[in-house]
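For reference, the structure is listed below as C-alpha cells.
Atoms considered below: every heavy atom in the structure, side chains included; atoms not considered: hydrogens, waters and symmetry mates.
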Amino acid sequence: MSRIRLLPETVASQVAAGEVVERPASVIKELVENSLDAAARKIDILIRRGGISLMRVSDDGHGMDRDDALLSLERHATSKIRQAADLAAIATLGFRGEALPSIASVSRFRLTTREPNALAGTEIVVNGGKIDIVRDGGEAPGTQVEVRSLFYNLPARRKFLRSQNTETRNIEHQLHLQAIGHWRIAFTFVRDEQTVFQLPPAATLRDRIRDLYGADLLARLLPVSGADLDKIDISGFIGRAGVSRQTRAQQLVFVNGRAVENPVVSAALREGYHTALMKGQFPVTFLFLNLDPAAVDVNVHPAKREVRFRDPRAVHETVVSAIRHTLESGRPDWEQKFRAPISPIGGTTSVSSQTAPSELPQLETDFALRGQRSVELTPRAEPITPSSAIMGRDPFDELRAGRARPSGDQQFQIIGVLNKLYVLMENADGLVLVDQHAAHERILFEELRRRMEKQGVPTQRLLLAQTFDLPPRDAEWVERNMSILQKMGIGIESFGPNTFKIDSLPAFLQTSDPITFMQRVIDDLKSASERTSPMRLGEETIAKTVCRHAVKANDPLRYLEVEKLVQDLLACDLPYCCPHGRPTMIQISLAELEKKFGRKV
Ligand code: ADP
Ligand code: MG
C-alpha cells in the first residue's frame, strides 16, 4: 500500500505560507516588494486592526493582463527569473514566485490590476486558496491587493499572532525599511482610518530621513564617507559617536536595495564603532551597500531577509573602515563646540574674562579655577605615537596619522564647574557641558592603552605590600588574568592558595586602599564575564574597567586644572565618548534655552 501522496496545490501553498507569511508584516513586505518590482512611483498602504482584519497595498506600477494575473496566483510562477542561472544575479526584490499564492491560501484575497494602456482591468477574488471570482474590473492603472482575515482558515496560526499593537508596530517597521530603502518612491500609510505618514517622492535619502524621522535625528547623523573599495559601494548615514539605541530597530542595512539582517555587517558595525558605542546598545544606521548582484546570494531565506556574501571579508573591511572614516569626519564639527564665542573686542579675552574670581556666581569650584577666561589650546607636548598591534588593531590608527590636531589658536571658555562634576563652557551656540568623569576615563584609557603597548605603565610602590584573600572562583579569575593586570601596572602576585599580594599600583591611580580597589574591579569584571564567555575578557575590557574604578577612586580627581582635562580630552583619538560609550560632552543651545524660558515658541 502506498503511503506517499502528492499534496493538493492549496495545501502545498499553505505549507509554503508557513515560511513566507509569518505575520501581517510579512504580507506587507511581499506586497510592497511586488509593487516596487513593478516600477511603481507611488505606493499606498492601508491596514486595519494590526493588519489582521485588512491590509491593502495599491500601486501605480505596470500592472498585469488577465492571463498574467491568473498565473501570478500559481505556485512558482514569476516574471523575474527564467532559469537556474538567473539565481546567481538577482536584480529584483522578488524571485521565488511564492508570495501571492501563499498569501491567497491563508486569507480572503482580492487582486485588481490593469495595464496602463489596457481598456479593462481584471479582478480576481480568492478565498483560502480557491479562486471564486474572475471578472473585468475598471480600476486605475496599476495593481491593488487586498488581504482580509489573515489565517481565518488556519486557527492554529491565528493563535500565534500577537496583539494588534505589536502587529501594527511590526508593519510600521517594515514600511520604514521600505520607505528608507526606496526614497524616490512616494508612500502613504493609513492605519485604522488615520494617516500615519504621507511621504512625497524624495530627491535624496537625506530628505526621506527628515520626512520620516524629523530634523532632530538627521542632525545627529553623519553622511557615510570615504571608503569605497573596488567592488563595494557604500553610502548612507550613520549616528555620530555616542548616538545609540537599545534595540536594533534603527540599525537599517540595505544590500542592493534590500533590507537585510546580516551577521557580517552587524559585527563590522560594532567593530567600526568600537568604544563609541555603549555596551548592549545598537548604532543608528541607514547604510547602503551596493555590489555586483553576482557577489550576493539572496536565496538563503524564504522571507529573503538574509543574504550571504561571496566575499564576507571584503564586506567586513569596507564597512569597518567606512564607519571609522565617517565617525572621524564628525570630529571638526565636534571640536568646534569647544571654541569660545568670538568676542566683539577681539583677541583671546572676552568681556567677562575681566571678572574677578570673587565676583563669580556661586559655582562649585573644586578645581583651581582662576576666574572665567579663555584658554589657549595647545597641542599636547608629548606626540602621540601610533600604537602597534598588541591590543588588537587600534581602530583609529590609520586615521590618526592623517588628522590635524586642534590648532594652537583654538580657545575655549570655561565658566565653572557644576556639582564638582560638569565643566561648563560657553561657545557660540550656547552652553557646553563636559562630564569630567567620562572625559577622565577616556583620557586614562587611551593613555593606559598606549603605555601598555610600550610595556611601560609607570607604577608606584606601596609603602607596605598588602595581602588579601579571594573566594576560589575569583582567585581563579585573577590567576588567569594576572599577566594583563601586571601589564597595567598592578603589582599583583600569588601568595599562597587563594591569597594574593599587591606591592605596587599604576601611578595614575591615587588610592589609599588598593584592596578595595582590586575587589571592585574584580566584581565588575566578573559580572561582565557572566554576560560573555566566562574567564575570557580581553585586555581592552579589563583596561576599561580599571580606568572606571581609577576615576571613581581618585577623589578629588587627578586633574587639578580643568583646562588640562579639556585639552587632554581634545587630544584623544576618540574623544566623544568614555570607553564605555557614554558621551563626554553635551551641548545645550541658546535656542533650547530660549524655548525653556519662553522667549521663543
Ligand atoms: P515573485 O515576486 O517572487 O515573482 P509573487 O508571488 O510575489 O512572486 O508574484 C508573482 C508575479 O506576479 C510576479 O513575478 C509579478 O510578475 C506579478 N506581480 C505581483 N505583484 C504585482 C504588482 N503589484 N504589479 C505587477 N505585477 C505583479
Ligand atoms: Mg513577490
### Task
Nearest 0.5 Å please: distance from the CZ atom of R548 over to the NE2 atom of H580.
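The NE2 atom of H580 is 4.0 Å from CZ of R548, to the nearest 0.5 Å.
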
### Task
Hey, could you give me the CG/CZ distance between L485 and F500, rounded to the nearest 0.5 Å?
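So the gap between those two atoms works out to 9.5 Å.
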
### Query
Can Y213 and H176 be said to form a ring-ring contact (aromatic ring centres under 6.0 Å, His included), step by step?
CA-CA 10 Å; Y213 297 103; H176 282 193; 5.3 Å; yes

Does some side-chain heavy atom of [Y] sit less than 4.5 Å from a side-chain heavy atom of [X]?
{"X": "M518", "Y": "V478", "value": "no"}
{"X": "D429", "Y": "L590", "value": "no"}
{"X": "Y273", "Y": "I238", "value": "yes"}

### Message
For the residue pair D469 / T499, report whether a side-chain donor-acceptor contact shorter than 3.5 Å exists.
### Response
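Yes, side-chain donor-acceptor contact under 3.5 Å.
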
### Task
Would you check if there is a donor-acceptor pair between the side chains of E479 and S494 at a distance under 3.5 Å?
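The criterion, which ignores hydrogens and geometry beyond distance, is satisfied for E479 and S494.
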
#### Entry: Short side-chain to backbone donor-acceptor contact, N419 and L421, under 3.5 Å
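No: the side chain of N419 does not pair with the backbone of L421.
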
### Query
When you measure from the side chain of T584 to the backbone N and O of P575, does any donor-acceptor pair fall under 3.5 Å?
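Yes; judged by distance alone, with no hydrogens or angles, the pair exists.
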
Nearest heavy atoms of [X] and [Y], plus distance in Å:
{"X": "Y576", "Y": "L327", "value": "OH-O, 3.3 Å"}
{"X": "A322", "Y": "I234", "value": "CB-CD1, 3.8 Å"}
{"X": "Q281", "Y": "Q246", "value": "OE1-CG, 3.1 Å"}

### Query
Among R339, R240, R220, which one satisfies salt bridge (charged side-chain N to carboxylate O under 4.0 Å, His left out) with D333?
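Filter result, single survivor: R240.
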
Basic-acidic side-chain contact under 4.0 Å: [X], [Y]:
{"X": "E441", "Y": "R582", "result": "yes"}
{"X": "E476", "Y": "R480", "result": "yes"}
{"X": "D207", "Y": "R210", "result": "yes"}
{"X": "R442", "Y": "D568", "result": "no"}

### Flag if over 12 foreign heavy atoms under 6.0 Å of OH, Y422
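Open: at most 12 neighbouring heavy atoms sit under 6.0 Å from OH of Y422.
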
### Task
Would you indicate whether R245, at its atom CZ, is surrounded by more than 12 heavy atoms from other residues, nucleotides or ligands within a distance under 6.0 Å?
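Counting neighbours around CZ of R245, more than 12 heavy atoms of other residues, nucleotides or ligands fall under 6.0 Å, so yes.
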
#### Entry: By ring-ring contact (aromatic ring centres under 6.0 Å, His included) - contacts of W183 (at least two apart)
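ring-ring contact (aromatic ring centres under 6.0 Å, His included) list for W183, sorted by chain: F288.
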
### Query
Cationic tip of R208 within the cone over F286's six-membered ring, i.e. under 6.0 Å and within 45° of the normal?
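Relative to the ring axis of F286, which defines the angle, R208 lies outside at least one limit.
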
### Query
Would D292 and K231 satisfy salt bridge (charged side-chain N to carboxylate O under 4.0 Å, His left out), going step by step from the backbone distance to the final call?
CA-CA 7 Å; D292 179 2; K231 297 210 169 74; over 6 Å; no

